[in-house]
Number of protein chains: 2
Amino acid sequence: MPSSKSTPVTMDAVYTAPGYLFRRMQQIAVALFIEECRSFDLTPVQYAALVTISTHPGIDATRLSAVIAFDRSTLGNVIERLQAKEFIVRKPAPEDKRVKLLYLTKAGAGVLNEIMPSVEKAQTRMLQPLKPADRKTLLSLLTQLVDLNNEASRVPLRAEDALEHLGRSG
Amino acid sequence: MPSSKSTPVTMDAVYTAPGYLFRRMQQIAVALFIEECRSFDLTPVQYAALVTISTHPGIDATRLSAVIAFDRSTLGNVIERLQAKEFIVRKPAPEDKRVKLLYLTKAGAGVLNEIMPSVEKAQTRMLQPLKPADRKTLLSLLTQLVDLNNEASRVPLRAEDALEHLGRSG
DNA sequence: GCCACATTGTCAGTATACTGTCAATTAAAT
DNA sequence: ATTTAATTGACAGTATACTGACAATGTGGC
């Protein structure tokens, strides 16, 4: 009888694993972003934070982390760097001494405005090798998958949290 | 005339960007791997390294980095940790004093054998939310995309490099 | 008012990733 | 053979990520 205790291991155990493919694409995505946006001194994470602070002025770090699904600990350092570059400012919240509210500076709004075309270019480039129809399909499946697996990550996306810093009275 | 210098920024600039979706899926993939493989004390990267050393006994760090497309600098630390856990050993190469060859220990081969089902489970779980046909489509598109964007990352995959540590004489 | 509990920002520790540099060693050029 | 190139492993520095802990603060029940 065959009775092998162990199936022989091949590199397929790595190459065909979705986890490996996602890691690879993440590496590629970051590399393309950095290449296209070299002149702006912004990382992908910093860009996402900047966009969110722009659309949610006065948001605090915890809510920001929920809205872009980044770890709260990690985000602390990201915010520090954005502050060091003077793209954002932090102001203490009057009603809660624990909270620090985040706002874009003029410089921050400026970079965000200027970097947009380069970000677009990077996003386009990473799907470029696929046929247009396949790009659509992939984006659709990816979006579904991220949404359906939302609870699997440590920091699930909570877009609705973004509203809390407005009208807590309401 | 409208003449807006800047389009109003929305969160779509983040949520619909493929780069953001790949980052999210990578986070989710790692979280599921860690959850399923908690009892084995192995990270996804360490697992990939272990598989590759298993299928390429006597490979060196530089070639290993090419075969799994991981950064050479990063891999140094990964190897150290695998060595500390006594899952691999490093032996100096007789014909080249710079090179250290990598081999699995018995313990390493054992963990690799035992962890496989859990890894499989994690990989299955991350695509589970999709319909079977969609899983196939996504995997196919992902594989294509990683392959076609291979040169875009700092460390392109060079599977053929794996053979060099055999028969350099040939 | 007091106590249990939750929240916020922060920090220390570990693990990827990438950039750039280096010494030791090897290979190639001439 | 000697100079030049390239390769290998290592290191320092920066930037995500996650775990677990902590003090300060806020909120609830009573």
Side-chain angles (χ1 to χ4, degrees), chain A residues 19-20 23-24 26-35 38 41-49 59-66 68-85 90 92-102 152-155 161 164-165 168, chain B residues 19-20 23-24 26-35 38 41-49 59-66 68-85 90 92-102 152-155 161 164-165 168:
Chain A
Y20 174 77
R23 175 181 301 272
R24 251 342 246 120
Q26 219 268 316
Q27 286 177 344
I28 289 165
V30 172
L32 289 175
F33 185 103
I34 297 297
E35 191 182 318
R38 197 177 298 279
D41 190 27
L42 270 188
T43 67
V45 168
Q46 290 167 11
Y47 164 77
I59 198 172
D60 62 276
T62 295
R63 237 147 305 281
L64 176 56
S65 105
I68 49 183
F70 291 166
D71 189 85
R72 211 160 49 107
S73 298
T74 307
L75 208 52
N77 304 322
V78 176
I79 288 172
E80 257 177 40
R81 280 172 218 121
L82 285 175
Q83 197 173 14
K85 295 177 191 174
R90 291 216 266 186
E95 357 71 64
D96 191 333
K97 287 178 196 164
R98 294 170 304 178
V99 176
K100 299 178 183 175
L101 308 178
L102 304 171
S153 61
R154 184 197 185 188
V155 186
D161 277 21
E164 282 181 30
H165 75 292
R168 287 200 215 206
Chain B
Y20 174 78
R23 176 182 300 273
R24 250 344 245 120
Q26 218 268 315
Q27 287 176 343
I28 289 164
V30 172
L32 290 175
F33 184 104
I34 297 296
E35 191 182 319
R38 197 177 298 280
D41 191 26
L42 270 188
T43 66
V45 168
Q46 289 166 12
Y47 164 76
I59 197 172
D60 62 277
T62 296
R63 239 150 303 283
L64 175 58
S65 105
I68 49 183
F70 290 167
D71 190 85
R72 212 160 48 106
S73 297
T74 306
L75 208 51
N77 304 322
V78 176
I79 288 173
E80 258 178 40
R81 280 171 219 123
L82 285 175
Q83 196 173 16
K85 294 175 190 174
R90 292 215 267 186
E95 357 71 64
D96 190 333
K97 289 177 197 164
R98 295 169 304 178
V99 177
K100 299 179 183 174
L101 307 178
L102 304 171
S153 62
R154 185 198 185 186
V155 186
D161 277 21
E164 283 182 29
H165 75 291
R168 288 199 215 207

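Order of the sequence lines sets the chain letters (A, B, ...), proteins ahead of strands, with each chain counted from 1.
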message: Output one letter per nucleotide in nucleotides 10-16 of chain C: B when a protein non-hydrogen atom lies under 4.0 Å from the base, S when only the sugar-phosphate is that close, - when neither is.
response: SB---SB
- prompt: Is any side-chain heavy atom of A/Arg90 less than 4.5 Å from a side-chain heavy atom of A/Leu102?
  reply: yes
Syn-anti status, with the boundary at 90° from 0, for the nucleotide D/dA5: syn
query: If every non-hydrogen atom of B/Ala49 is compared with every non-hydrogen atom of B/Val78, which pair is closest and at what distance?
result: CB-CG1, 4.4 Å
message: Working to the nearest 0.5 angstrom, can you tell me the gap between A/Glu80 CD and A/Lys85 NZ?
response: 12.5 Å
A/Phe70 side chain near A/Val45 side chain, heavy-atom distance below 4.5 Å: yes
- prompt: Which of the following nucleotides, D/dG26, C/dG9, C/dT25, is nearest to the side chain of B/Lys97?
  reply: C/dT25
message: Checking B/Glu35 now: which residues fulfil side-chain hydrogen bond (donor to acceptor under 3.5 Å, both in side chains) with it, not counting sequence neighbours?
response: B/Arg125
query: Roughly how far apart are A/Asp60 CG and A/Asp96 CG, rounded to 0.5 Å?
result: 8.5 Å
query: Are A/Leu42 and A/Leu82 side-chain neighbours, meaning at least one heavy-atom pair lies under 4.5 Å?
result: yes
d(CD, A/Gln27; C1', C/dT19) in whole Å: 15 Å
task: Indicate, yes or no, whether a donor-acceptor pair under 3.5 Å links the base of D/dT25 to the side chain of A/Arg98.
output: yes
A/Glu95 CD to C/dT8 P, straight-line distance once rounded to whole Å: 12 Å
- prompt: Once you round it to whole Å, what is the distance between C1' of D/dA10 and CG of B/Leu102?
  reply: 14 Å
- request: Using whole Å, report how far CD of B/Gln83 lies from C1' of D/dA10.
  value: 14 Å
query: B/Asp96 CG to C/dA27 C1': how many Å, rounded?
result: 10 Å
task: Using atom CD of B/Glu35 as one end and atom C1' of D/dT19 as the other, report the distance to the nearest whole Å.
output: 15 Å
message: Going by purine N1 to pyrimidine N3 plus the second Watson-Crick contact, or the G-U wobble pair, all under 3.5 Å, which nucleotide sits opposite C/dG20?
response: D/dC11
query: What does C/dT14 pair with, Watson-Crick or G-U, if both distances are under 3.5 Å?
result: D/dA17
query: What integer distance in Å separates A/Ile34:CD1 from C/dT19:P?
result: 8 Å
